[in-house]
Amino acid sequence: VQLQASGGGLVQAGGSLRLSCAASGRKFSSYIMGWFRQAPGKEREFVATISWSGGSTYYADSVKGRFTLSRDNAKNTVYLQMNSLKPEDTAVYYCATKSGSYDYRESSYDYWGQGTLVTVSS
């Protein structure tokens, strides 16, 4: 399984970015997708996850109402739309995949992408 995250960059506070994660090597539509992030000097934390159908999503409180996770199973891709970005959103963002039900626990995810850096300036 390979996950390729992209879309990171430098943005001013209040701005928007859309991250993408393209998957290959497994039946994409059958698996849960999630996003995590790791800020400098901090542990990796959960951001959002989406069910295999895209019908259910779950967000960390810190991003709820600002970030939207969606997926296009025909394109084997998930999208994380990030609006109203804050300096504290600065981190390397990782996508990951797992089987079963969606979950916020990092340890339950089987495969990880390489990460994409998001920097939000104040």
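Only heavy atoms go into these numbers, but all of them, side chains included; no hydrogens, no water, no symmetry mates.
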Partners passing side chain to side chain contact (heavy atoms under 4.5 Å, CB included) against V11 (at least two apart in sequence or in another chain): L17, L85, V120
Can you list the residues that meet the salt bridge (charged side-chain N to carboxylate O under 4.0 Å, His left out) rule with [X], with sequence neighbours excluded?
| X | value |
| --- | --- |
| K64 | D61 |
| D72 | none |
| R44 | E106 |

Salt bridge (charged side-chain N to carboxylate O under 4.0 Å, His left out) partners of residues 109-122, not counting sequence neighbours, each pair once: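 Matches after skipping sequence neighbours: none remain.
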Residue pairs passing the salt bridge (charged side-chain N to carboxylate O under 4.0 Å, His left out) test where at least one lies in residues 29-42, sequence neighbours excluded: R37-E45, R37-D89
Non-neighbouring partners of F36 that pass ring pair (Phe, Tyr, Trp, His ring centres under 6.0 Å), sequence neighbours left out: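 Partners of F36 under the ring pair (Phe, Tyr, Trp, His ring centres under 6.0 Å) test: F46, Y109, W112.
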With sequence neighbours excluded, residues passing ring pair (Phe, Tyr, Trp, His ring centres under 6.0 Å) with W52: none
Side-chain donor/acceptor of Q114 to backbone N/O of A5, under 3.5 Å: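 Confirmed, Q114 side chain pairs with A5 backbone.
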Donor-acceptor contact present, side-chain T77 to main-chain K75, <3.5 Å: yes
Residue pairs involving residues 39-72 (criterion disulfide bond (SG atoms under 2.5 Å apart); sequence neighbours excluded):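 Counting only pairs at least two positions apart or across chains, no disulfide bond (SG atoms under 2.5 Å apart) contact touches residues 39-72.
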Pairs flagged by disulfide bond (SG atoms under 2.5 Å apart) wherever residues 59-122 is involved - sequence neighbours left out: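 Sorted pair list: C21-C95.
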Of all pairs that satisfy ring pair (Phe, Tyr, Trp, His ring centres under 6.0 Å), the ones with a partner from residues 59-80, not counting sequence neighbours: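 The answer is none; no pair qualifies.
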Residue among N76, V78, T97 satisfying side chain to side chain contact (heavy atoms under 4.5 Å, CB included) with L3: T97
Side chain to side chain donor-acceptor pair (under 3.5 Å) partners of residues 6-25, not counting sequence neighbours, each pair once: S16-N83
